Engineer: 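To start, I am sharing the structure in question, which I have written as structure tokens.
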Amino acid sequence: MDRLTKRILPTAVASAVALLTLVGYLVPLEPLVSIRDHLVRWAVIIASFALVLGFLNLLRVHSARLLNRQKGWPYSLALLLAALTSFGITAAGLLLEPMRTFSALWFNSVLYPLQASAGGLVAFVLALAAFRLVRSRRPSGLNETLLLFTFVLSALIVLLGTAPLPGPIGDLLASLRQLWMRVPALAGMRGLLIGVGLGTLVMGLRVMFWLDRPHSEP
Amino acid sequence: MLYCPKCGTANREGSRFCNVCAAALAPAELQCPMCGTSNPQDETVCARCGARLVPLVSAEDGEELGAVVPHGRGARAGEPAGETWPEQDTPETGAPPAPGEADWLSELRATVVEEEEEAPAAAEEWQPEGLAPAPPPTGEHVTEVEIPSWLARLEEEAEPATPGRHEALDWLRDVPGETPSRTEERAEAPDWPPDSGLGAPGRPEEVEVPEWFQDLEPETPSAEPPAAATPAQEMPDWLRDLTVETPPPPPASQARSDQPGVPDRNGWQQAAEETPPSPLGEEAPAAGPPLPTVDGAVPIGTRHGQEEHQGEWPGAPAPAAAAPVFVPAEGVSPPEPGELPDWLSGLAPREVTGAPAPPSHPEPLPEAAAPPVEGLVRAEIPDWLEALRPRAEADAVEEPAETTGLLEGLRGTLLASPAVSTPGPPGAPPAIAAGAAGVARAELLQELLSRPAAPVRPAKRGARRRVGWTIQRLMVGLLLVAAIVVPMVGVWPLGGQISQIRTPVADEAVAAFATVEARVDAQSAVLMAFEYDATEAEEMDRIATALLRHLIERGARVILVSTRPEGPALAERLAAQVTPSTELGRVANLGYQPGQATGVQDLLVNLSARYEYSSGTPAANLEAMQGITSAGDVAAIWVLSGQASDLRAWVEQTSSRYPEATLLAGISARAEPVGRPYLEGSNQLAGIVTGLAGAAAYEAGLAGGVGLASFFLESLALAHLAVAGIMVAGAAIFAFGSKNR
């Protein structure tokens, strides 16, 4: 019974749903199309429920850390307070008309600036990391040397080419950047996208034909 | 009361064997004293473990010594109770001494008979039931037993012993036996197996004692002191030396006090009879402390149904043969008490001789100790054999005695030493033949070791490093801040010119602007997806603001959707900033759609089934949603994505579902590599606006003029230059800096 509920049943459900959805897309017959649409809506409902579960799990984990006074418990306390406050204010703004203004104020004045500041720090960290990389790291071989040189060259071309600089040097840098983006970057990205697509296809087929069971216990 | 069918003795109720003649009062089984298995009466050996069920008993009244066979083995009523084993060479009991028999043997026999006549009925308490020696059988019940040849030769060679008392050596007194003085103090006899002849000390005449063993029976201590050795029979020299007078036995009360180290047989037996010890022997021999008693233990040999008699020890067994008392031969002066021959003194216990304990490795016997023998020449011992002679150790260490447990008081037990012997102390290092090079290296090493240790400065080094890294971080941060702030305050000399510079990115943005101009008019609706969060908002808001302004200026209806939780809030914020209050009806915020790629599919298909984000009004009732049911009804689809995954999901879902739809993308600079293949490769994107540069170029064509995108573009350019300069500086420091890193 345990094997049925934890291994066979989840795999069977995943495989059946994947096959029906795929067939519904490939064969545009009405019953299959209707089933496909229903399955897609069910996936949306499950994804929204997963979001709620993720939020509750976040509260549970950090609550345990706070209660047990584990390492980093002050940060868990701050997170719990911010999460519960944001949730309460947002829910109140959605449900209650008078709270809507306060909810918008909370988002625009607290959440938005905080997240934007965190994004701004990313630029600073990247700049500092690039500096330390070229300053301290000593390549140990030809491959590492080539990689480091390529990184530095690409960074300079893209940075200087993106910033619109006046004069011929600006035009030259812009042209170099365009060439760099259209040839090696585009080629590399296309290869990545093809690989991702093929991998997604293979993974889907493996799930459909029970060759892979990510939804069940091993 | 139960009366014995054979002798008529009255026995207690419940007894299974007669206390006098050991005849069976009632059929019973034999319980093996070793494993406790019940065996039939006629068995003499346990069927399970092979132990003897019927012990050997000593003869009485000169009768043969033989095994007492329980009633049943061919024995019928009237047959002798004690039938000896046919395979045993037990001497004939009760027969007169054979010609040539040593007097000492016959005297021993007579002594044993006397003792058994006076022996008490109680069995020795230390002997478990069933194993106690049986009383000597009577002569009429003992059949003749063949004397072994080796014993017959001894009888021929032995000189007749002098009549009288044979004195045993003190250490021979250890041989168990019974004295007549303990007769009346014996405990009650056990219920021996029927016809076993055991446990009937009151009828010693019925116990069979082999003839040869009768000679070994010593005289009682109360008997007259043995007379001088009678000349008579031949006795080997070694045996002649054994004949010594035994002193009169001390009283039982002084048995142990007189000679603390001497095991007094008589006193020990008497004391054993007085107090029934535990099965394990509370009254241990004098040499050691008393052994612990096991409470509730059933004495060995207890039969079934007799557990109630656990505390009652069986009666004393038949008086065993007393310790042989040896009488010195005629012409041989017996040794003084305590004096032993040289060869025997080394073997005698310490308590007998009174001498100090012999060492574990005694001194080698002097040559003079060996008695000269005529006709023999002393052999020459080779040196290697002489080296093997045990030597006395001066510092012999007495083994410690156990202090706890059942072995308490005993010495020589297995020590708790490690199984693996510990290595001994390291000896002198072996001499190494080192050459000149080795000597030189050794000297160099010694010199280096003898140098004073150089001062270590780890803290200073760590502090310097920390300061260095802190300075670097500060420098990078300050440079970036300066690059951002300087153009804002108007110090930047190229102010306003940067946004005028046409770059390929700007060209693409301009092309997208033209596409919107061509596809979107006042009656059309545009679907705009906000697929970014607040961390990317500073860049993406500039693009979104420019696009939204353009659509509002065109008079189109804008439908806002998002597959991210923050999307609806960001969209509503921007819509409130850009859209005039009179035209808010043309903007519909349909909120958050979970499911990522699956949510995109549902959005594209079921636009009208949604609800407005803030008011909750059904989408079908909104002004902006008039005539719109799905993504196929809109004029264009703008995807504002800060990451590659969201852009890819929208492109793939839209292209597969609505291949004819006009799909445009407003992406951040870091997602440009992912969007460009869709623009230049598969043509799935009709237009693209990349980063601040594209937003600045897009809003340059708006009627309202430039916006924040152009303002921030100056700072962006300067920041790019700063970062590039930082990287170049780092490379230069690495290339031309110190080599000690």
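Heavy-atom basis, side chains included; hydrogens, waters and symmetry copies ignored. Each chain gets a letter, A, B and so on, in the order its sequence line appears, and its residues count up from 1. Just so you know, these numbers come straight off a predicted model, no measurement behind them.
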Engineer: Just wondering, do A/Arg182 and B/Glu680 contact through their side chains at under 4.5 Å, heavy atoms?
Structural biologist: yes
Engineer: What part of B/Val481 is in contact with chain A, defined as an atom under 4.5 angstrom from a non-hydrogen atom: side chain, backbone, both or neither?
Structural biologist: neither
Engineer: Side chain, backbone, both or neither: which part of A/Phe107 has a heavy atom under 4.5 Å from chain B?
Structural biologist: side chain
Engineer: If you compare all heavy atoms of A/Ala127 against all heavy atoms of B/Val476, which two are closest, and at what distance to 0.1 Å?
Structural biologist: CB-CG1, 4.2 Å
Engineer: Which region of B/Leu692, side chain (C-beta onward) or backbone (N, CA, C, O), has a non-hydrogen atom less than 4.5 Å from a non-hydrogen atom of chain A, or is it both or neither?
Structural biologist: neither
Engineer: Does a donor on one side chain and an acceptor on the other come within less than 3.5 Å for A/Tyr112 and B/Asp533?
Structural biologist: no
Engineer: How many angstroms lie between CD in B/Gln601 and CZ in A/Arg36, if you round to the nearest 0.5 Å?
Structural biologist: 6.5 Å
Engineer: Could you report the tightest heavy-atom contact between B/Pro504 and A/Gln178, atom names first, then the distance?
Structural biologist: CB-OE1, 2.8 Å
Engineer: What closest approach, in Å, do B/Asp602 and A/Arg41 show between heavy atoms, and which atom pair accounts for it?
Structural biologist: OD1-CG, 3.7 Å
Engineer: Measuring from atom CG of A/Leu159 to atom CG of B/Leu721, what distance do you get when rounded to the nearest 0.5 angstrom?
Structural biologist: 9.0 Å
Engineer: Which one, B/Ala732, B/Gly595, B/Gly730, leads in non-hydrogen pairs under 4.5 Å with chain A?
Structural biologist: B/Gly730
Engineer: Would you name the heavy atoms of B/Val674 and A/Leu193 that are closest together and state the gap between them?
Structural biologist: O-CD1, 4.4 Å
Engineer: Only heavy atoms, only distances under 4.5 angstrom. Which residues in residues 91-104 of chain A are near chain B?
Structural biologist: A/Leu94, A/Arg100
Engineer: Verify the neighbour count for atom CZ of A/Phe55: are there more than 12 heavy atoms of other residues, nucleotides or ligands below 6.0 Å?
Structural biologist: yes
Engineer: Under 4.5 Å, counting heavy-atom pairs only, tell me which of B/Val605, B/Val505, B/Leu570 racks up the most with chain A.
Structural biologist: B/Leu570
Engineer: Measure B/Arg573 against the heavy atoms of chain A and call it side chain, backbone, both or neither at under 4.5 Å.
Structural biologist: side chain
Engineer: To the nearest 0.5 Å, what is the distance between CG (A/Leu133) and CE (B/Met727)?
Structural biologist: 7.5 Å
Engineer: Under a 4.5 Å heavy-atom cut-off, does chain A meet the side chain of B/Arg657, its backbone, both or neither?
Structural biologist: side chain
Engineer: Using heavy-atom distances under 4.5 Å, tell me whether B/Ile726 contacts chain A through its side chain, its backbone, both, or neither.
Structural biologist: both
Engineer: Should the heavy atoms of other residues, nucleotides or ligands under 6.0 Å from CD of B/Gln596 be counted, would the total exceed 12?
Structural biologist: no
Engineer: Could you measure the distance from the CG atom of A/Leu126 to the CG atom of B/Leu480? Nearest 0.5 Å is fine.
Structural biologist: 10.5 Å
Engineer: A quick test of your reading: do over 12 heavy atoms of other residues, nucleotides or ligands sit less than 6.0 Å from CH2 of A/Trp42?
Structural biologist: no
Engineer: If you tally heavy-atom pairs under 4.5 Å against chain B, which of A/Ile45, A/Leu186, A/Val196 wins?
Structural biologist: A/Leu186
Engineer: Non-hydrogen atoms of chain A under 4.5 Å away: do they reach the side chain of B/Gln472, the backbone, both or neither?
Structural biologist: both
Engineer: Any chance you could measure A/Met181, atom CE, to B/Glu672, atom CD, to the nearest 0.5 Å?
Structural biologist: 4.0 Å
Engineer: Against chain A, work out which of B/Leu479, B/Thr598, B/Thr503 has the most heavy-atom pairs shorter than 4.5 Å and name it.
Structural biologist: B/Thr598
Engineer: Where do A/Arg190 and B/Pro677 come nearest, in terms of heavy atoms and distance?
Structural biologist: CG-CB, 3.9 Å
Engineer: With rounding to the nearest 0.5 angstrom, report the CG to OG1 distance, A/Leu114 to B/Thr535.
Structural biologist: 12.0 Å
Engineer: Would you mind telling me which of B/Ala693, B/Ala506, B/Ala569, B/Gly599 has the largest number of heavy-atom pairs within less than 4.5 Å of chain A?
Structural biologist: B/Ala569
Engineer: Just wondering, more than 12 heavy atoms not from B/Tyr611 lying within 6.0 Å of its OH?
Structural biologist: no
Engineer: For B/Asp541, is it the side chain, the backbone, both or neither that has a heavy atom under 4.5 Å from a heavy atom of chain A?
Structural biologist: side chain
Engineer: Does any heavy atom of chain B fall under 4.5 Å from the side chain of A/Leu51, the backbone, both, or neither of them?
Structural biologist: side chain
